[in-house]
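Structure, as structure tokens:
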Amino acid sequence: MKRLIGLTVAGLLVISIFSSLGFANAQIRLRDISGHLFEFEINKLVEANIVRGFPDGTFRPEGLVNRGEMAVMIALGRRLTLERPAVSPFRDVPTAHFAYPHIVAARNAGFLRGFPDGTFRPAANVTRSELAAILGQAKGLAAQAAGITVPITFSQDEAAIPRWAAGFMTLGFNPSHQYLSHRAANGFTLVAPLAAATRAEVAYGVHQVINPPKLGTVVNVAMHQEPDTLNSWTGAMAAMVVVWNTLGLPTAGRDQNWALYPAAMREVPTVENGLWTVRENTMEITYRIREGLKYHDGEAATIDDWAYSFMVFMNPLTPVVTRIIEEKIDLTKGAGAHGIRGFDILNPHAVKVYFDELDWRANLGLPAMGLYPRHIVEGPFAEMTRTKSSEVFRVDRRMAREPVGLGPYRLIEWRAGSHMTLERFDDYILGAPLFRNVVFRFVPDTTALLARVIAGRDIDVTAIGLTFDQGLQLIARQSPHTRVNFVSSIIWEHMGFNLDNPVLSDIRVRRALIQGINREELVNTLFAGRQPVAHGFFAPRHWAYDDERVVKYTHNPAAARALLEEAGWRVGGDGFRHKDGRRLTIILETTAGSVVREQTQAIFKAQLREVGIDLDITKNRPAAALFARTHFTMRRWPDMIMFAWISGITSIGDTIFHKDQIPTAENGWMGQNIYGWRNEEASRLLDSAGREMSDVRRREQVVRVQELMTQELPVIPLYFRFAVDTNKINLASIRPVQLAGQYITWNIYNWYFR
């Protein structure tokens, strides 16, 4: 009798959680899922009486789910006919078991099966691979799954997926199904096939089976910037990367949690998986790409594409942003291909690359920025070789205006000053995306961009352009159709000096400028103090952030005046400072139409007027012109430039502050040290930090570089920014992120309208 009572009590508890019986919805408020990734899906299942919370108002999303509970959820979710035969088909499931009719229904439908010993094991936790099979079968995908033997899940642990689950797990991440979710551990994205599924993961999967993703016609993405080029070897604009996240496929990327995932690569090489061998001063890394990768023109991608592109990338004539990793490859080793060595092609989908220096970042992707189609690169390279002109390669339409990628969408139209239109690529490696078209709309004025978001008609997502204060305005309006995403990132707004300018090469003038402006007042005025003043170049979430070791400058007009006097700049009759017959006029350029930057200019102009400096803020340019290689990289801005660097979590500042990364005609305008900062100690430390495999020692070196930077001031850090994106409330699978190389469009293949 006691045993029967125990079963009954346990049954009532689980029924109250998982069935339409028990507590009414109005009596339960799920107080522990607010902000959870699957909050929407859990609430929908609660509304549908498929899952319930506990009497204390919690859902306990990280709790586990057993096979009996899973049978209840899938039977209710698929509206199966419940049966209660007199004899149980499983010897460990009595007819009085709370889930008995659901187990029978799920078994009869083929969604859940028993074990060879005649048991069902209802109390055993459901693993994530079992969950994939249950949900896949519930969607009728068994035949399709049977044809998949090599999993594709964009996860570091794909090799751990049981063979029988490979198809169901692959289809679970297909854009048309999306019934599985990733986990993260040790910095990597995982599928964790043998781990027990959580209540939240199961709820999400059941919801996706009941309410599968929908095909759509078009999604509109608005940006304040228009790319100056889509040649990713030469471009530096964030707007270009936003588009390339849609056109291209990274060898490895980062998700919304900054976890690393393999995309074009089958796995990220590590010492643990045997693909990365580190010796005292040398390395060997094996990169393996996926079979079945296709370019937008239908051609298959192989390692030969990479080998040819690597040869082109390393050619001194080829204009690239940086070769800071590639220059560590030992070009004397390996058989190589196409007239260049440094590697051995192991098979059509694998290559071993030899390095004669250590670099802790070299495993994060194929050198030379990944896979580019040989049959496309050949033409521009031949023309560059014939003409001996780097510019020919940079502007070639096949590289700059009509690139061919591996991504979920392909470019079909670019109407300069207006928009780009992309169309669905059905052969995308993860499965065809869900919109027929993606349209990138360019809105050069941030005020106009805000107005269009408020109107809510032709903009579904904003990727670049809205500012922090505009995000607050949108929240205050309580728009019923727009979600505002404040994304923690590593973005630092700053003003950079052209140190080849003889006036600004004087450290006293630079220190007068930073003490003549009031950055605290700026962030309080524009952002209500919610975006902090930056003193270094790494935001608080970066591992090298250090607010103690950097030099902190405060607003000190008296000190600024004294420095200018010492430098020989005297106040004239017009109230401005003069020297050798020249007025101290400094041009500050930034992106035209960016309201916050233009307000910043106006504030600084007034403040610097008080110390006798004339700040010229009339030379602003549209983003495509400001960041054009011929202006930005070739350092044709004469005095100062204001913009933001968006860093990645592996950034150490070497491309920005190393003396060898100063773009010059002699090095083909390679590098991002547009300021011309030449500091021997900083450069040595950056070299060492790139080679340093110890996190502790590397951090010490990078922090010292920040000290040196704040002492010598090649730039004036202004403030650390939150990225602000928006999306329509009914746009699903949005996972906002902003890192160098990753923006809100990183997973655009999964987006759909509910």
Side-chain angles (χ1 to χ4, degrees), residues 128 150-162 166 169 173 182-195 249-291 293 303 306 310 324-326 328-330 333-334 342-347 349-371 429 542-544 648-652 689-699 739-742 746:
R128 284 167 54 86
V150 179
I152 303 173
T153 64
F154 285 10
S155 306
Q156 181 69 356
D157 60 343
E158 287 177 7
I161 296 174
M169 299 210 89
F173 291 99
H182 288 106
R183 288 187 180 179
N186 300 319
F188 287 103
T189 292
L190 305 176
V191 71
L194 305 181
L249 179 67
T251 48
R254 293 193 184 271
D255 68 7
Q256 75 276 8
N257 298 314
W258 299 10
L260 188 66
Y261 65 88
M265 289 194 298
R266 287 168 54 186
E267 66 279 287
V268 177
T270 65
V271 172
E272 290 73 21
N273 63 24
L275 298 177
W276 188 6
T277 301
V278 180
R279 298 186 175 88
E280 185 177 355
N281 293 307
T282 64
M283 307 186 303
E284 297 175 5
I285 301 180
T286 298
Y287 305 90
R288 304 194 298 181
I289 64 170
R290 299 185 187 276
E291 298 181 21
L293 291 170
I303 280 295
W306 172 81
F310 175 66
I324 209 156
I325 301 293
E326 291 76 13
K328 297 181 179 182
I329 294 174
D330 188 345
K333 289 185 178 178
F343 59 90
D344 280 314
I345 294 178
L346 306 180
N347 60 53
H349 299 95
V351 62
K352 179 181 284 188
V353 180
Y354 304 96
F355 294 80
D356 57 11
E357 288 186 58
L358 301 181
D359 196 295
W360 59 282
R361 306 159 294 183
N363 67 323
L364 301 180
L366 274 164
M369 300 180 67
L371 286 167
I429 190 66
H542 192 276
W543 50 267
I649 62 174
T650 58
S651 300
I652 59 174
R691 295 188 298 265
E692 182 55 67
M693 307 303 280
S694 162
D695 295 344
V696 173
R697 290 193 293 269
R698 185 189 318 121
R699 185 181 187 280
L739 293 170
Q742 297 291 113
W746 72 275

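Any value given below was found using the heavy atoms of this structure, including those in side chains, with hydrogens, waters and symmetry copies removed. Throughout, residue positions are numbered sequentially from 1 according to the sequence presented. From a predicted model like this one, the values you see are computed outputs, not experimental measurements.
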inquiry  = Is it true that, when you exclude Asn347 itself, more than 12 heavy atoms of the residues, nucleotides or ligands shown sit nearer than 6.0 Å to its CG?
reply    = yes
message = I need the Leu358 CG to Arg279 CZ distance, nearest 0.5 Å.
response = 11.0 Å
inquiry  = My understanding is that only one of Ile303, Leu366, Thr251 makes a side-chain contact (heavy atoms from CB on, under 4.5 Å) with Tyr287; could you say which?
reply    = Leu366
key: Donor-acceptor under 3.5 Å (Glu326 side chain, Pro367 main chain)   = no
message = Looking at Asn257 and Ala259, would you say the former's side chain and the latter's main chain have a donor-acceptor pair under 3.5 Å?
response = no
Heavy-atom closest pair, residues Ile429 and Arg290 = CG1-CD, 4.2 Å
query = Considering all heavy atoms of both residues, which atom of Leu249 and which atom of Ala263 are nearest to each other, and what is their separation?
reply = CD1-CB, 3.7 Å
message = Centroid separation under 6.0 Å, is that true for the rings of Trp306 and Phe343?
response = yes
Passing option when His182 is tested against Phe154, Phe188, Phe173, Tyr261 for ring pair (Phe, Tyr, Trp, His ring centres under 6.0 Å) = Phe173
query = Counting only N and O atoms by type, is there a donor-acceptor contact under 3.5 Å from the side chain of Asn363 to the main-chain atoms of Pro269?
reply = yes
note = Between Met283 and the options Tyr354, Phe355, Trp360, the side-chain contact (heavy atoms from CB on, under 4.5 Å) test singles out Phe355
key: Within residues 356-370 or reaching into it, pairs that qualify as salt bridge (Lys or Arg N to Asp or Glu O under 4.0 Å) - sequence neighbours excluded   = Lys328-Asp359, Glu357-Arg691, Asp359-Arg361, Arg361-Asp654
task = Can you run down the salt bridge (Lys or Arg N to Asp or Glu O under 4.0 Å) pairs that involve residues 249-278, sequence neighbours left out, and say none if there aren't any?
result = Glu267-Arg288
Asp344 side chain to Lys352 backbone, donor-acceptor under 3.5 Å = no
